[in-house]
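See structure below.
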Amino acid sequence: MEYAHRDIEQKWQQYWKDKEVYKVSNESDKPKYYVLDMFPYPSGAGLHVGHPLGYIASDILARYKRHRGYNVLHPMGYDAFGLPAEQYALETGQHPAVTTEQNIKRYREQLDNIGFCYDWSREVRTSDPKYYKWTQWIFLQLFHSWYDRAAQKARPISELVSIFEQEGNANHTSPEDEKLSFTADEWKAKDETAQRGILMQYRLAYLSHAEVWWCEALGTVLANDEVQNGVSERGGHPVVKKRMNQWFLRITEYAERLLSSLDKLDWTDAMKEMQRNWIGKSTGAEVTFNVNDSNSEIKVFTTRPDTIFGVDFMVLAPEHELVDSITTEAQKAEVEKYIEYVQSRSERERMAEVKQITGAFTGAYVTHPFTGNDVPVWISEYVLAGYGTGAIMAVPSGDERDHAFAKHFNISITNVFGDKYNGEEAYSDKGGTIENSDFLSGKPVSEAIAAAIKAIVEKGIGQAKVNYKLRDAGFSRQRYWGEPFPVIYKEGVPYTSDELGNEELPLELPHVDSYKPGPEGQGPLANIADWVNTPDGKRETNTMPGYAGSSWYFLRYMDPHNDATFADRKATDYWQAVDIYIGGTEHAVGHLLYSRMWTKALHDLGHIGFDEPFKKLINQGMIQGSSRFVYRIHGTNKFVSYGLRGDHKTDKLHADVSMVDGNVLDTEAFKKWKPEYADAEFVLEDGKYICGSETEKMSKSKYNVVNPDDIVAQYGADTFRMYEMFLGPIDVSKPWDTKGIEGVHRFLKKMWRLYNDDNGWIVTDEKATDAELKVLHQTIKKINNDIEQFSFNTSVSQFMICVNELSSMGCRKKEILEPLAVLIAPFAPHFAEELWHGFGNDTTVIDAAYPQHDDKYLVESSKLYPIAINGKPRAEMEFPLDMDKADIEKQVMANETVQKWLEGKPAKKFIYVPNKMINVVV
RNA sequence: GCGGGUGUGGUGAAAUUGGUAGACACGCUAGACUUAGGAUCUAGUGCUUCACGGCUUGGGGGUUCGAGUCCCUCCACCCGCACCA
């Protein structure tokens with residue numbers, strides 16, 4: 001009997017489905033284990049072989065944990081809201097719900113092909129009203145909450161109102177405006193609109209303003225990467241920054257907790273480091289400078305208050321609110337021209353062209369608080385409006401960019417570092433002492449910082465300050481295909497649907513006839529007058545961003561059909577946080593940070609019992625495409641083979657990988673591929689057309705996409721699963737090479753032949769030999785270890801070694817082969833199920849206990865030692881493990897080869913590392 | 001510019017704590033069986049040398065009896081980014 005993967009896989013997939021083998025209950029005496037994949041966006045292109053890499057790894061782990069007696073939650077769903085579906089709708093008029101449904105269907109078929117053990121009864125889709133009802137509900141929770149800095153947790157806004165009624169805001173500074181101050185009486189005297197305006201400054205979900213790229217010609221708002229060189233990427237139309245009302249999440253209030261609780265997570269250091277850098281905590285001081293002949297003051301944040309005597313100029317972000325009012329008449333034209341220039345620059349360009357120094361002088365001066373000197377105020381794009389206070393005190397002798405700026409604009413430089421500053425390069429190290437700085441002179445940096453802060457506080461011009469570079473998260477998108485906000489504006493003041501009490505969630509996305517943007521940069525929803533205008537007022541027409549639905553989906557899987565709450569507390573208490581989360585590094589700071597914040601907020605408000613969503617995180621690498629190229633002789637329709645391309649001037653063109661076997665092009669298929677190639681001629685080498693190859697991102701446009709369906713059809717899901725794992729470590733990127741799959745397929749066929757020959761089942765009940773048991777138990781030990789460490793590539797190797805050895809021993813014994821079948825079940829579930837049933841078992845293999853190794857089969861009594869002379873291995877000798885060092889030394893020194901290499905010289909040192917090696921030093 | 005990652009045969013890679021570098025595969029070479037081979041099996045395969053041997057984990061330096069692994073330094077490539085005061 002041949003290994004008939006097609007029949008086997010079909011049969012067992014049907015069996016699993018019929019018996020609901022992968023259905024998971026929330027009620028169980030077993031310990032729980034939650035294995036989660038980052039759910040996919042169902043794109044129109046379908047899955048390629050890169051997508052399932054992480055899914056296969058998590059599937060192996062989920063199956064393994066189930067074998068080990070856990071109740072395993074292993075769900076899958078779809079991140080189904082998103083821009084591509086809307087873009088497609090714009091182009092074709094097809095409703096995103098329709099195309100999304102089609103894409104999901106395709107994804108599901110592709111996933112089912114691979115034999116995953118997902119509990120599909122728990123599937124979630126973020127675009128399903130039953131799901132986004134709760135996304136909207138969580139938004140309302142955030143809206144109705146504020147962050148109590150003293151208690152370090154979110155609390156209901158109603159409690160804040162009570163506090164205001166009793167004591168005003170004296171003990172609870174507004175995170176947006178620290179100058180805001182009122183008493184209980186003042187609070188009570190305010191009208192509702194004013195009170196709501198104040199509360200908005202505290203809410204975790206709040207309305208504010210932000211600048212977006214607005215393109216008049218396209219009539220739409222563009223994302224950062226849709227803007228290049230100050231024009232739209234599509235069409236090259238001019239764009240300007242437009243200030244719009246936008247919702248935000250006050251994630252900055254969570255900065256400290258998001259930072260400190262990283263310590264308790266089992267994530268890679270690289271991942272934690274990226275989050276730390278993103279949160280960007282820095283300590284320093286906030287200092288206020290008074291603008292001469294004006295009531296204005298400029299507030300700066302600095303990490304180096306000790307260098308305050310080195311301030312030679314001030315720089316404001318071009319967007320800074322004071323720029324207008326302090327610019328002098330004489331400088332007005334220049335400043336305006338500069339701002340116009342900055343307006344045209346994208347953030348990417350500002351970043352890429354760091355060396356380019358630009359700026360303009362406002363004509364204004366501030367008074368230095370300690371020296372009393374006049375300090376000029378400049379504006380420059382190197383200062384960002386969004387970070388700190390949007391203004392800096394520039395110390396050219398101590399900061400590289402300030403230094404370059406001063407040199408460029410001929411501003412004189414005050415040296416506050418003595419000998420350390422050489423006049424050519426800023427001295428930004430923290431060694432040495434501060435000089436030329438009045439009361440700070442002679443002090444080392446840390447002391448000087450403390451003294452400077454003390455003096456600043458005494459003068460009443462500032463205080464010590466912790467700053468985070470994390471910004472609040474924009475939560476509005478001017479798009480159609482996303483969650484609508486359950487918000488209505490009554491005379492311009494936003495009210496939520498539960499406050500108005502006029503409608504239940506979900507607020508469903510209305511049908512639109514056109515996906516074109518609304519007027520003035522609003523989303524398509526603004527075009528539907530019937531929907532926008534309600535008896536209470538106008539609806540919010542923005543929708544929520546992609547990360548809204550994905551910030552909490554892992555909770556919904558625990559109780560996916562609940563209509564009374566987002567997930568029952570009993571369910572979330574049972575499943576707790578995700579034990580293993582697998583996905584790509586591209587989500588390092590976006591999705592993973594937002595999910596953490598939502599989890600903390602839901603925890604603070606008492607809705608769930610844990611405050612971190614993902615205990616352990618595994619990052620999967622990218623599977624790259626291996627592109628193939630053909631070489632067309634320039635100006636002709638003649639193609640030369642790779643090795644001969646040097647003889648001609650050629651154009652390198654992508655050829656579809658499906659027409660290439662290894663590197664050999666199927667020239668007939670190529671001719672049929674595109675009409676312009678129908679008459680192509682080929683210059684061959686050795687009778688073949690050899691293609692060039694390069695590793696690139698797997699993408700349709702590079703014709704290097706490999707569809708898992710094709711691989712599964714040819715080799716079977718089990719081969720595909722094992723090959724993806726065999727490619728290399730899960731976390732590194734590697735190119736896909738279909739050719740290599742043969743080896744894994746051969747291995748499965750070879751393993752199959754341990755159990756079957758041409759006439760059928762051949763397993764016997766004979767007693768196993770020590771050698772066979774040793775191979776089996778070595779393998780069991782290695783596989784268990786490897787799975788725990790996510791080293792699946794080495795597991796596959798070990799299975800190969802095991803089968804190679806058992807084959808050469810001619811092993812046919814049930815005592816060996818039955819445990820081996822269970823052992824391979826997480827990797828090749830259909831294959832294992834077939835063998836498992838071959839032994840007469842009538843339950844599914846996944847409920848079989850996973851084999852555990854017994855050390856008694858692995859004991860060794862001796863070791864074949866490499867003998868090195870001066871570190872170079874020269875001979876081998878076998879010794880019992882318990883032999884004395886002295887006896888070994890005697891025998892080694894007597895060895896002929898050793899003697900030869902010693903060349904009569906006396907041994908200086910004899911190194912014996914038991915069970916490792918022996919080294920003789922001459 | 002900043003942050004993170006990766007460099008080992010023709011290719012994907014392996015190598016508990018520093019202890020025989022290249023396991024396991026792909027590819028390639030030769031052979032066996034076969035009507036056939038894109039089935040299966042056997043042998044070989046890092047580079048170099050007729051050979052003894054020498055060289056070899058991105059380059060250079062260091063620590064050590066011994067370094068892919070630890071330290072310093074330089075280089076290349078990939079990913080992310082918000083010039084972070």
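Below, chains carry the letters A, B, ... as their sequence lines are ordered, and counting in each starts from 1. Since we're looking at a predicted model, the values are computed, not measured. Computed from heavy atoms alone, side chains included, the values below leave out hydrogens, waters and symmetry copies.
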For B/G1, what is the paired nucleotide under Watson-Crick or G-U wobble rules, both distances under 3.5 Å?
-> B/C81

Can you tell me how far P in B/G18 sits from the matching atom in B/G53, rounded to whole Å?
-> 31 Å

Could you tell me whether A/Ile869 contacts a base, only the sugar-phosphate backbone, or nothing, with contacts defined as non-hydrogen atoms closer than 4.0 Å?
-> nothing

Rounded C1' spacing from B/U49 to B/C28 in Å | 22 Å

Report yes if the distance between the aromatic ring centroids of A/Phe313 and A/Phe409 is under 6.0 Å, otherwise no.
-> no

Paired with B/C33: which nucleotide, if any, by Watson-Crick or G-U wobble criteria at under 3.5 Å for both distances?
-> none

Any luck finding a side-chain donor-acceptor pair between A/Asp402 and A/Tyr382 under 3.5 Å?
-> yes

Calculate the interatomic distance between A/Tyr912 atom OH and B/G19 atom C1'; express it in whole Å.
-> 13 Å

Rounded distance in Å - CD (A/Glu273) to P (B/C81) = 18 Å

Looking across every strand, which nucleic acid part, if any, lies under 4.0 Å from A/Asp399 by heavy atom: base, sugar-phosphate, or nothing?
-> nothing

Anti/syn call for B/G58, syn if |chi| within 90° | anti

Between A/Asn915 and A/Met271, who's closer to the 5' end of RNA chain B by nearest nucleotide?
-> A/Met271

Base, sugar-phosphate, or nothing for A/Phe726, non-hydrogen atoms under 4.0 angstrom?
-> base

Separation of the C1' atoms in B/U17 and B/A13, to the nearest angstrom = 23 Å

Indicate, yes or no, whether a donor-acceptor pair under 3.5 Å links the base of B/U6 to the side chain of A/Lys734.
-> no

Which nucleotide, B/G19, B/C84, B/A85, lies nearest any side-chain atom of A/Arg471?
-> B/C84

Where each residue is assigned the nucleotide of RNA chain B containing its nearest heavy atom, which of A/Arg753 and A/Val921 is assigned the position nearer the 5′ end?
-> A/Arg753

What's the CD1-C1' distance between A/Ile801 and B/A13, to the nearest Å?
-> 13 Å

CG of A/Asp758 versus P of B/A39: gap in Å, rounded?
-> 17 Å

Aromatic ring proximity, centroids under 6.0 angstrom, A/Phe726 and A/Phe792 | no

Does A/Arg746 make a side-chain N or O approach to OP1 or OP2 of B/C26 shorter than 4.0 Å?
-> yes

For B/G38, which nucleotide is its Watson-Crick or G-U wobble mate, given both distances must be under 3.5 Å?
-> none

Do A/Glu297 and A/Thr288 meet the criterion of a side-chain donor-acceptor pair at a distance under 3.5 Å?
-> no

Residues A/Glu381 and A/Thr358: side-chain donor-acceptor under 3.5 angstrom = yes

C1' spacing across the pair B/G66 / B/C41, given as an integer number of angstrom = 42 Å

Does a side-chain N or O from A/Asn804 land closer than 4.0 Å to OP1 or OP2 of B/C24, or not?
-> no

Given B/A85, B/G66, B/A14, which nucleotide is nearest the side-chain atoms of A/Pro729?
-> B/A14

Rounded to whole Å, CG of A/Asn919 lies from P of B/C65 at a distance of 10 Å

By the Watson-Crick or G-U definition, both distances under 3.5 Å, B/G7 is matched with B/C75

Distance only, no hydrogens: is a donor on one side chain within 3.5 Å (strictly under) of an acceptor on the other, for A/Ser791 and A/Thr794?
-> yes

So what does A/Pro866 touch, heavy atoms closer than 4.0 Å: a base, only the sugar-phosphate, or nothing?
-> base

For A/Leu727, report the nucleic acid contact type (base, sugar-phosphate, nothing); a contact means any heavy atom under 4.0 Å.
-> sugar-phosphate

Just name whichever nucleotide pairs with B/A67, Watson-Crick or G-U, keeping both distances under 3.5 Å, else none.
-> none

Out of B/A85, B/A13, B/A15, minimum distance to the side chain of A/Thr794 belongs to B/A15

Is A/Lys749 near enough to B/U40 that one of its side-chain N or O atoms lies under 4.0 angstrom from OP1 or OP2?
-> yes

Inter-nucleotide P distance (B/G19, B/C26), Å rounded | 29 Å

Specify the separation, in whole Å, of atom CG of A/Leu593 and atom C1' of B/G80.
-> 14 Å

Closer than 4.0 Å, any side-chain N/O of A/Arg276 to the OP1 or OP2 of B/C2?
-> no

Whole-Å gap separating P (B/U64) and NZ (A/Lys872) | 18 Å

Could you tell me whether A/Glu876 contacts a base, only the sugar-phosphate backbone, or nothing, with contacts defined as non-hydrogen atoms closer than 4.0 Å?
-> base

What nucleic acid atoms does A/Asn793 come within less than 4.0 Å of, heavy atoms only: base, sugar-phosphate, or nothing?
-> sugar-phosphate

P gap between B/C74 and B/C79, integer Å = 24 Å

What is the nucleic acid contact for A/Ile867, judged by heavy atoms within less than 4.0 Å: base, sugar-phosphate only, or nothing?
-> nothing

So which nucleotide does B/G27 pair with, by the Watson-Crick or G-U wobble rule with both distances under 3.5 Å?
-> B/U45

Between A/His5 and A/Phe720, is the ring centre distance below 6.0 Å?
-> no

Please tell me which of the listed nucleotides, B/A82, B/A25, B/A85, lies nearest to the side chain of A/Leu470?
-> B/A82

How long is the line joining CD of A/Glu319 and C1' of B/C83, in whole Å?
-> 13 Å

Hey, are A/Tyr387 and A/Asn467 close enough side-chain-wise for a donor-acceptor pair under 3.5 Å?
-> yes

